[in-house]
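The structure under discussion appears below in the form of structure tokens.
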2 protein chains.
Amino acid sequence: MELETRLNESRPATPGTLRPGGRTAKVRRAVLDATLDALAESGFHALNMDRIAASAGVGKTTVYRRWTSPTGLVGDLLHDMAEQSLPAADTGTLAGDLRANAELVRATLTDPRMGAVFRAVIAAAACDEECARALAGFYRTRLAEWTPAVAKGAARGEVPAGTDPVELLRAVSAPLYYRFAVTHEELAADVAERAATAALAAARDGVFVRE
Amino acid sequence: MELETRLNESRPATPGTLRPGGRTAKVRRAVLDATLDALAESGFHALNMDRIAASAGVGKTTVYRRWTSPTGLVGDLLHDMAEQSLPAADTGTLAGDLRANAELVRATLTDPRMGAVFRAVIAAAACDEECARALAGFYRTRLAEWTPAVAKGAARGEVPAGTDPVELLRAVSAPLYYRFAVTHEELAADVAERAATAALAAARDGVFVRE
DNA sequence: GCGTTAATGGAACTGGAGACCCGTTTGAAC
DNA sequence: GTTCAAACGGGTCTCCAGTTCCATTAACGC
């Protein structure tokens, strides 16, 4: 849905945009599912258009026509993933919410299947500009779901008024993603714990207050 | 040097290990330089063994034989980069040193050439295990150069005794790399500033004290 | 210097990724 | 339910990444 409008804007006649009914939608679903499976199993470098077409039960011509490249597939997958939002926690305290957020991120990246997908997606984003934009969009929507928690915490006086919610949430995620994508370290539970605590400590000091 | 020993351990007769004199070394230098150029110009996904061989003025058979794959090239490049260490700053205060460190990271990632290389390297590490290990090793040596700054700061009482230096340094780098690799945001100077300040605030609170 | 052989490099071969053509299916409008 | 074009899909072709083979070059030990 989101994708169709977006593509309509850029190119007048991209396949899959004018007749999104029945078959076309089913094809997209099958292809994106197959892409997710392939990424989870063997990573981005092994992503192969022919194999995707085969395992999705779709003609390979169709895959090439609608997605052109592996990064195109990943980009569309990200648009799809951004639509399926999961709600933020509400533990009553900002400290608790941030800990829940950090633990959610950790659980996602630690999960064998999801971890592989995110690794692949990060690789794809590093290779392709369009893909990078899609990934950025994905995180924008994800973080947006958690901003109310910070706002409530600020209202309760747990962090200074004027604290930038997104900045604080980024500070929570950053250490986890840094280890995951850059240094490839183990993500133990205490890492998430510390990420949340450190971010909150900095926030209390007013580091994330918008000037 | 480091590489030769490493390879000698695993395989008894890997090309380039038994006669590392003159030509072999020159070939490696030329190939790694060409790889760096290629990554800076067009990124990891466009890394092409044939083109590397051509622009290095080396037979493509040699490149395939000694490095096998694009990730092999990047892996060796990382070993090479880890050897060229640059010394840490010493501003007199931990706050100053951390700010210098954050700014150094920011400058590196922002530089058009180096930024592209790091992006490529992160992508390669996400695709290949051996490459990931090489990247982890690179950062281990880099962070090790800055640990004395933290130790000195702790001795001066700027952070609690027992503060884990590496943990603190990771906290400084994390927000920068997170934006760089995951959300692909602009890295303005104030981001580095805030990364250093936030990490120090958390450290002062004792978040990074080893239990 | 001289011989040995590790390492390089040119050339020819192969397989599979990706492009193209064109007939078939099917969603949308009436 | 009929029509029309959008989207799909099978088959084929092309090109290039990656391999193999063998001749040539030049390190290393004497």
Side-chain angles (χ1 to χ4, degrees), chain A residues 1 3-5 7-8 11-35 38 42-74 76 124 127-128, chain B residues 1 3-5 7-8 10-35 38 42-76 124 127-128:
Chain A
M1 187 65 69
L3 174 76
E4 271 88 48
T5 16
L7 291 177
N8 261 333
R11 288 174 250 166
T14 306
T17 54
L18 292 172
R19 280 186 185 179
R23 183 165 65 164
T24 296
K26 215 179 285 179
V27 164
R28 180 161 110 108
R29 190 68 277 135
V31 168
L32 291 187
D33 287 348
T35 304
S42 25
F44 175 65
H45 70 298
L47 198 58
N48 178 260
M49 306 287 275
D50 290 36
R51 239 168 293 158
I52 292 295
S55 68
V58 159
K60 76 167 179 168
T61 315
T62 302
V63 178
Y64 278 109
R65 185 167 31 217
R66 284 186 63 179
W67 291 278
T68 51
S69 65
T71 56
L73 277 172
V74 175
D76 195 18
C127 290
D128 178 74
Chain B
M1 188 64 71
L3 174 76
E4 272 89 47
T5 16
L7 289 176
N8 261 333
S10 51
R11 287 174 252 166
T14 306
T17 54
L18 292 173
R19 282 185 185 178
R23 184 166 61 163
T24 297
K26 216 180 283 179
V27 164
R28 180 160 109 108
R29 189 68 277 136
V31 168
L32 292 188
D33 287 348
T35 303
S42 23
F44 176 64
H45 69 301
L47 198 58
N48 177 259
M49 306 286 275
D50 291 36
R51 237 169 294 158
I52 293 295
S55 68
V58 159
K60 78 166 179 168
T61 315
T62 302
V63 178
Y64 278 110
R65 186 166 30 218
R66 285 185 60 180
W67 290 277
T68 51
S69 65
T71 56
L73 278 172
V74 175
D76 195 18
C127 291
D128 178 76

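Throughout, a chain's letter reflects where its sequence line sits, starting with A, and its residues are numbered from 1.
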In a table with atom names and distances, give each donor-acceptor pair under 3.5 Å that connects a side chain of residues 49-63 of chain A to protein atoms at least two apart or in another chain.
| unit_1 | atom_1 | unit_2 | atom_2 | d |
| --- | --- | --- | --- | --- |
| A:Asp50 | OD1 | A:Tyr64 | OH | 2.9 |
| A:Ser55 | OG | A:Arg51 | O | 3.2 |
| A:Ser55 | OG | A:Ile52 | O | 3.4 |

Residue A:Val58, side-chain heavy atoms: nucleotide from D:dG9, D:dA7, D:dG18 that is nearest
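Ranking D:dG9, D:dA7, D:dG18 by closest atom to the A:Val58 side chain puts D:dG9 first.
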
Would you indicate which nucleotide in D:dT12, C:dG9, D:dT19 comes nearest to any side-chain atom of B:Thr62?
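Of D:dT12, C:dG9, D:dT19, C:dG9 is nearest to the side chain of B:Thr62.
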
Are side-chain heavy atoms of A:His45 and B:Thr71 found at a separation under 4.5 Å?
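A side-chain contact is absent here, since even the closest heavy-atom pair is not under 4.5 Å.
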
Taking the side chain as everything from C-beta on, heavy atoms only, tell me whether B:Arg66 gets closer than 4.5 Å to B:Thr24.
yes

If I take atom OG from residue B:Ser42 and atom CG from residue B:Leu47, how far apart are they, to the nearest 0.5 angstrom?
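With rounding to 0.5 Å, OG (B:Ser42) is 8.0 Å from CG (B:Leu47).
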
When rounded to the nearest 0.5 angstrom, what distance separates CG in A:Asp128 from CZ in A:Phe44?
8.0 Å

Please list, by residue number, the residues of residues 43-56 of chain A whose heavy atoms come closer than 4.0 Å to an atom of DNA chain C; answer none if no residue qualifies.
A:Asn48, A:Met49, A:Asp50, A:Arg51

Just to verify, what does B:Arg29 make a side-chain contact (heavy atoms from CB on, under 4.5 Å) with, not counting sequence neighbours?
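With sequence neighbours excluded, B:Arg29 shows a side-chain contact (heavy atoms from CB on, under 4.5 Å) to B:Leu32, B:Asp33, B:Asp80, given in chain and number order.
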
Measure all distances between protein nitrogen or oxygen atoms and nitrogen or oxygen atoms of nucleotides 21-25 of chain C, and list the pairs falling under 3.5 Å.
| unit_1 | atom_1 | unit_2 | atom_2 | d |
| --- | --- | --- | --- | --- |
| C:dT25 | O2 | A:Arg23 | NH2 | 3.1 |

Respond yes when some side-chain nitrogen or oxygen of A:Tyr64 is under 4.0 Å from OP1 or OP2 of C:dA19, and no when none is.
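Answer is no, no contact under 4.0 Å.
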
If you assign each of B:Lys60 and B:Gly57 to its closest nucleotide in DNA chain C, which residue comes earlier from the 5' end?
B:Gly57

Global bending angle along the helix from C:dG1-D:dC30 to C:dC30-D:dG1, which compares the axes of five pairs at either end, to 10 degrees:
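Answer rounded to 10°: the end axes differ by 50°.
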
